[in-house]
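Since the structure comes first, as structure tokens, the remarks are kept for the end.
All values reported here derive from a predicted model rather than from experimental measurement.
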Amino acid sequence: VQLQASGGGLVQAGGSLRLSCAASGRTFSAYAMAWFRQAAGKEREFVGVISWSGDSTYYAASVKGRFTISRDNAKNAVYLQMNNLKPEDTAVYYCAADKSMVVVTTIPEYWGQGTLVTVSS
């Protein structure tokens with residue numbers, strides 16, 4: 001599976017941004033998808049995950065209630081809607097895929113390249 005994240009940019013605190021991750025290669029609908037982020041000087045951290053069907057989602061406490069993950073299997077895409085952004089959300093965001101919804105939250109098989117989100121105060 002090849003993953004391509006996009007949609008990053010500069011936004012003011014309190015604003016919104018929607019990231020997209022386009023997948024190609026193997027059967028996209030067979031994979032759980034996750035988002036991670038890595039701030040400068042920090043370790044990569046889990047943001048959220050969505051099941052292969054889209055019926056189940058789970059979020060890190062730091063983003064719960066502000067971020068929403070969705071997917072469109074017909075378009076081979078997964079999205080991360082980010083609302084009420086805070087300066088501490090500034091990071092490079094990565095999408096990832098794995099057939100296991102558990103494994104994808106830690107050591108996913110496939111990674112996309114990152115897209116930078118910068119939130120100004």
Side-chain angles (χ1 to χ4, degrees):
V1 176
Q2 292 80 45
L3 304 174
Q4 179 83 28
S6 62
L10 175 64
V11 63
Q12 288 188 334
S16 297
L17 209 57
R18 188 194 196 205
L19 305 184
S20 299
C21 177
S24 61
R26 307 219 177 203
T27 306
F28 174 72
S29 60
Y31 289 83
M33 300 295 297
W35 287 94
F36 291 78
R37 67 185 181 185
Q38 187 168 19
K42 296 186 178 180
E43 294 186 353
R44 190 174 298 184
E45 66 171 346
F46 167 77
V47 172
V49 60
I50 188 167
S51 62
W52 63 270
S53 65
D55 289 346
S56 297
T57 55
Y58 179 80
Y59 301 93
S62 58
V63 306
K64 192 173 184 180
R66 301 188 297 120
F67 290 11
T68 302
I69 299 176
S70 61
R71 66 188 295 162
D72 186 337
N73 287 342
K75 295 183 178 180
N76 283 6
V78 63
Y79 308 99
L80 180 65
Q81 178 67 44
M82 304 184 293
N83 298 328
N84 190 22
L85 282 161
K86 304 175 181 181
E88 52 264 42
D89 294 318
T90 295
V92 177
Y93 284 72
Y94 301 87
C95 56
D98 196 277
K99 288 192 175 180
S100 167
M101 191 173 174
V102 174
V103 173
V104 76
T105 66
T106 54
I107 48 171
E109 184 173 5
Y110 301 101
W111 288 95
Q113 95 297 344
T115 185
L116 176 63
V117 173
T118 304
V119 184
S120 63
S121 57

For the residue pair [X] and [Y], what are the closest heavy atoms and their distance?
X      : Y      : value
Cys21  : Leu3   : SG-CB, 4.0 Å
Pro87  : Ser121 : CG-CB, 3.8 Å
Val78  : Phe28  : N-CZ, 4.2 Å
Asn84  : Arg66  : O-NH1, 3.0 Å
Ser16  : Asn83  : OG-OD1, 2.9 Å
Val104 : Ala96  : CG2-O, 3.9 Å

ILVMFWY network linking [X] to [Y], side-chain heavy atoms under 4.5 angstrom:
X     : Y      : answer
Trp52 : Leu80  : no
Tyr94 : Met101 : yes
Val63 : Leu17  : yes

Would you check if the side chain of [X] reaches a backbone N or O of [Y] as a donor-acceptor pair within less than 3.5 Å?
X      : Y     : answer
Thr57  : Ile50 : no
Asn76  : Ala22 : no
Gln113 : Ala5  : yes
Asn73  : Thr27 : no
Arg71  : Gly54 : no

So, taking the atom named [atom1] in [X] and the one named [atom2] in [Y], what distance separates them when rounded to the nearest 0.5 Å?
X     : Y      : atom1 : atom2 : value
Asp98 : Thr105 : CG    : OG1   : 9.0 Å
Thr90 : Leu85  : OG1   : CG    : 8.5 Å
Ser51 : Ile69  : OG    : CD1   : 10.5 Å

Counterpart residues, side chain to side chain contact (heavy atoms under 4.5 Å, CB included), relative to Ser70 (two or more places apart): Tyr79
Can you list every ring-ring contact (aromatic ring centres under 6.0 Å, His included) pair that touches residues 99-121, not counting sequence neighbours?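 Those involving residues 99-121 are Tyr31-Tyr110, Phe36-Trp111.
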[X] side chain near [Y] side chain, heavy-atom distance below 4.5 Å:
X      : Y     : value
Arg37  : Asp89 : yes
Lys75  : Ser20 : no
Val117 : Met82 : yes

Evaluate Thr106 against Phe46 for side-chain contact (heavy atoms from CB on, under 4.5 Å), listing each step before the verdict. CA-CA 8 Å; Thr106 54; Phe46 167 77; over 6 Å; no
Option from Trp35, Tyr59, Tyr58 for which side chain to side chain contact (heavy atoms under 4.5 Å, CB included) with Val49 holds: Tyr58
